[in-house]
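Note that ligands are numbered from 1 as they come in the structure, with each ligand's atoms numbered from 1 the same way. Numbering starts at 1 and runs along the sequence shown. In this text, all values refer to a predicted model and were calculated from it rather than measured experimentally. Values below: all heavy atoms of this structure, side chains included; hydrogens, waters and symmetry mates excluded.
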Amino acid sequence: MDKKNNEGYIHVIGAREKNLKNIDVKIPKKKITVFTGVSGSGKSSLVFDTIAAESQRQLNETYSSFIRHRLPHYGQPKIDTIENLSVAIIIDQKRIGGNARSTVGTITDIYSLLRLLFSRIGKPFVGYSDVFSFNNPSGMCPKCEGLGRIDMIDIERLLDKNKSLNEGAILFPTFEPGGWRLKRYIHSGFFNNDKKIKDFTDDELELLLYKSDIKVTTSDPEWPKTSLYEGLIPRIERSFLKKEEGEPTKYKKEISRIVGKEICPICSGTRLNQSVLQCKINNKNIADCVEMQIIDLVDFIRTIKDPKAATMVMAIVDRLENLVSIGLGYLSLNRETSTLSGGESQRIKMVRQLGSSLSDLTYIFDEPSIGLHPHDVNKINDLLKLLRDKGNTVLIVEHDPDVIKIADYIIDMGPRAGINGGEIMYQGDLNGLAKSDTLTGKYLCKQAQLKENIRNSVEWLSIKDANLHNLKNINVTIPKGVMTVVTGVAGSGKSTLINHVLPKFYPETIFIDQKPIQASKRSNIATFTGIFDVIRGLFSKANNVKPALFSFNSQGACPNCKGLGVTYTDLAFMDTVVNVCEVCQGNRFTDEALSYKLRGKNISEVLNMTVDEALDFFYEKEISVTLKRLADVGITYITLGQPLNTLSGGELQRVKLADELESNGNIYVLDEPTTGLHMSDISQLLKILDRLVEQDSTVIVIEHNLDVITQADWIIDLGPFAGQNGGRIMFEGAPKDLINCNSSITGQYLKKYIK
Ligand code: ADP
Ligand code: ADP
Ligand code: ZN
Ligand code: ZN
């Protein structure tokens, strides 16, 4: 092929990360390419671990070693070469996080534009734009220092009112009986030290807690004759809550037990000082603006007609509209970024790119449809097309058929997961994929149907007067022993209701998510499920040696790599180099440990067996029952020794579900369990959930995925829209009735989907 022809492609040659089978692939530039395939087929290994990693690494190489050392490290991906790679910008679902000073307004830079606007035309004029910043000493509320909240001591937790001072009513170190700080109160002569606090008069309680600067005279020789009395609350604040004096670190745990965050009483949570709050435009100050939902703020900003501010108004409206256009209009600018969901975080990151006029970048997205109702997916699609039309290359890992359909090019991976995947099954356009013999192609053509045998319930969980966040004082009942799907557009209140309110009523709720198991490089499915102990016992019995010899965390560990099988070398000014351990060749164990066998296999060979292979090898019930459960959830292809931190989110979710397969009568909540799952993985997941329900458990799923919605026994639809315009129950009932519910957006989409 001539050179010019090749320049239109990113050319990946010899990719071997994780399960990739030495693959070559050409990805068209300035187009949208969607990567499909079952969970674990190798999409992330190709897109993130190979293409994105190599781009970052090449970029870092262009810096001096001094700077490079301060950048995150990217090892060399396992690959021959990638040609024509441009700078990659990764827009993933990692939460933005950030501290309490980071808000939607600050992270999108819209807050700095608002500050400029107020400093230009706000009345009265209070100063330059810095003054409007709650992160700047001249603008912040002096009481809470710009945080909007302060630490307040919770009296109920500080005092045990059924006790007297002598019996230890004050539940804090140094104030307990015998504690040196308690003496001041006991010897003050103000209190009956044997009277229970609950019997104190209001005046006595006030005196104990708050009164200060009262002269105390005492005859106790241990104390000065006169001194100043100080109430309990100011006393504790002085010594424990004010950073300058005090012993903040020593009693951290005790302090967090008695202290809660309260809205700052001085600024009412606005974070700003009083003079800044007096500065207004059309009767609103800057705090009023960031408190509004973005969708309402746009309207307000549009009413500002002052010619001195025309360009600024345009710039602000423009950015706010970008947020509305990707379905985030229900957020307010004062929302702390640490409280945003993964999907919301990803969309904020996306908006930050929209202002950029750079082209010829490679944008990489990880399931941008996450958290989005079918209703909102189109908005994301428009944005993805916009990025392409600016001359960028857009790579997307995605399962949602509605996103797949905007692809110019599709790369389908498979055929299955793990060692049974890692190959390219199809590349080309959507029509070709639908006709191809791949799993993805087959599922794309499948006709959806509502579940036939709906289960009925006799018992119900009941939530009353829910009003957290945007919920409008709602009462909800959830049927027990069936599968309920909770639906509604993003921001309508689903997670608020199910993840935050439900457990207040039913603390026994079990959440099953895709988050990493407290896992290190040292745990794997054998250690996690407990079968490794049994396996070591078998080796020990068969060879008449101690079981510890077969642990890669202790005696049996290869001394060179300490049982990891690889060694990490940190070289100054260079990337960390990971090598297979020279001593054990990756086997993790000492030669002695490896010399012992069980039915012809050594311990390392056993750890290299897949679940399927291990099922053939072990007939011991304690082991096979557990393996069978893993196989039941589709974890057949993973080896017993694969570190848990290398499992994908979907694989982890299934490992967690396997653990629950034999329990019954529980309440399970799953928040978007189809994340990262291919349509064929979803049918498998539904079978597992069915099995939990068959065992009398209650399964509650928050989902947008229509395949899951069709299989519900019961649906709770929240809406009608997001944020303050949501938080109501639109529908409760069976899927077949949802279709006829005209007021439900979900109903309309479901209707379209099944015919
Ligand atoms: P996808 O993005 O398609 O869901 P991934 O690329 O995340 O898939 O994962 C590919 C597969 O590779 C998974 O099944 C994972 O468990 C497996 N895997 C992870 N690390 C390794 C490794 N070091 N060797 C072989 N397979 C691995
Ligand atoms: P959904 O799960 O349906 O997408 P959420 O329950 O996350 O919706 O959000 C419902 C509303 O509550 C939205 O307006 C959202 O901005 C708001 N909200 C969610 N979490 C918080 C929070 N931690 N602090 C303040 N508001 C929140
Ligand atoms: Zn304040
Ligand atoms: Zn070793």
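Partner of Thr337 under the side chain to side chain contact (heavy atoms under 4.5 Å, CB included) criterion, chosen from Ile348, Ile107, Thr108: Ile107. For the side chain to side chain contact (heavy atoms under 4.5 Å, CB included) criterion with Gln293, the lone passing option out of Val324, Leu333, Leu331, Asn725 is Asn725.
The pair Glu262-Lys143 fails the salt-bridge criterion, with no side-chain N (NZ, NE, NH1 or NH2) lying under 4.0 Å from an Asp/Glu carboxylate O.
With a 4.0 Å cut-off on non-hydrogen atoms, Ile419 does not touch ligand 1 at all. Residue-level proximity to ligand 2 for Gln724 is absent, since no heavy atom of it falls below 4.0 angstrom.
The shell of residues lying under 4.0 angstrom from ligand 2, judged by heavy atoms, excludes Gly488. In this structure, Phe35 falls outside the shell of residues with a heavy atom less than 4.0 angstrom from ligand 1. Using 4.0 Å as the threshold, Asp671 has no heavy atom nearer than that to any atom of ligand 2. Under a 4.0 angstrom heavy-atom cut-off, Gly676 registers as lying outside contact with ligand 1.
How far OG1 of Thr362 is from CD1 of Ile90: 10.5 Å, rounded to the nearest 0.5 Å.
Geometrically, ligand 2 and Ala490 share no nitrogen or oxygen pair separated by less than 3.5 Å. For ligand 2, none of its N or O atoms has an N or O atom of Glu344 under 3.5 Å away. Among the atoms of Gly491, some N or O lies under 3.5 angstrom from an N or O of ligand 2. At least one N/O-N/O distance between Gln642 and ligand 1 falls below 3.5 Å. Checked against a 3.5 angstrom limit, the closest N/O atoms of Ser39 and ligand 1 fall outside it. The shortest N/O to N/O separation between Gly42 and ligand 1 falls below 3.5 Å.
The aromatic ring centroids of Phe134 and Tyr111 lie less than 6.0 Å from each other.
Heavy-atom proximity to Val489, at under 4.0 Å, picks out these atoms of ligand 2: 3 (O). Per-residue contacts place Ser44 under 4.0 angstrom from the following atoms of ligand 1 (heavy atoms of the residue considered): 1 (P), 2 (O), 6 (O), 7 (O). Annotation for ligand 1: atoms under 4.0 Å from non-hydrogen atoms of Val38 are 3 (O). Near Tyr637, the atoms of ligand 1 lying under 4.0 angstrom from a non-hydrogen atom of the residue are 14 (O). If you number the atoms of ligand 2 from 1 as listed, the ones under 4.0 Å from a heavy atom of Leu331 come out as 16 (O). Those atoms of ligand 1 with a heavy atom of Ser45 less than 4.0 angstrom away are 5 (P), 6 (O), 9 (O), 10 (C).
When the options Gly650, Gly40, Gly37, Ser648 are ranked by their closest heavy atom to atom 4 (O) of ligand 1, first place goes to Gly40. Closest heavy-atom approach to atom 24 (N) of ligand 1 within the set Glu651, Lys18, Lys78: this belongs to Lys18. Checking Gln293, His373, Arg335, Lys494 against atom 27 (C) of ligand 2, the nearest heavy atom belongs to Arg335.
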In sequence, state the C-alpha distance, the side-chain angles, and the governing distance for Thr440 and Tyr426, and then conclude on side-chain hydrogen bond (donor to acceptor under 3.5 Å, both in side chains). CA-CA 10 Å; Thr440 312; Tyr426 169 85; over 6 Å; no
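Given atom 23 (N) of ligand 2, the protein heavy atom at minimum distance is Thr339 CB, 3.4 Å. For atom 14 (O) of ligand 2, the nearest non-hydrogen atom of the protein is Gly723 CA, 3.1 Å. Considering only non-hydrogen protein atoms, atom 5 (P) of ligand 2 sits nearest to Thr496 OG1, 3.6 Å. Protein heavy atom at the shortest distance from atom 2 (O) of ligand 2 is Ser495 OG, 2.3 Å. Taking atom 22 (C) of ligand 2 as the reference point, the nearest protein heavy-atom neighbour is His469 NE2, 3.3 Å. At the shortest separation from atom 8 (O) of ligand 2 among protein heavy atoms lies Gly493 N, 3.2 Å.
Heavy-atom neighbours of Arg728 CZ from other residues, nucleotides or ligands within 6.0 Å: at or below the threshold of 12. Around the NZ atom of Lys515, the shell of radius 6.0 Å holds no more than 12 heavy atoms that belong to other residues, nucleotides or ligands. Annotation for Arg416: atom CZ does not count as buried by contact number, only 12 or fewer foreign heavy atoms lying within 6.0 Å.
Around the Zn ion (ligand 3), the two atoms SG of Cys144 and SG of Cys141 are separated by an angle of 100°, to 10 degrees.
Closest approach of Gln346 and Phe365 over heavy atoms only: NE2-CD2, 4.3 Å. In plain terms, the two heavy atoms of Ala658 and Leu630 that are nearest each other are CB-CD2, 4.0 Å. Pro368 and Ile380 get closest at one heavy-atom pair: CB-CG2, 3.9 Å. Residues Asp717 and Gly488 share a closest heavy-atom pair of OD1-N, 3.4 Å. Closest non-hydrogen pair, Ile411 versus Val25, comes out as CD1-CG2, 3.6 Å.
Defined by atom type and a distance below 3.5 Å, a donor-acceptor pair is missing between the side-chain atoms of Asn579 and Thr567.
No side-chain heavy atom of Ile716 sits less than 4.5 Å from a side-chain heavy atom of Ile498.
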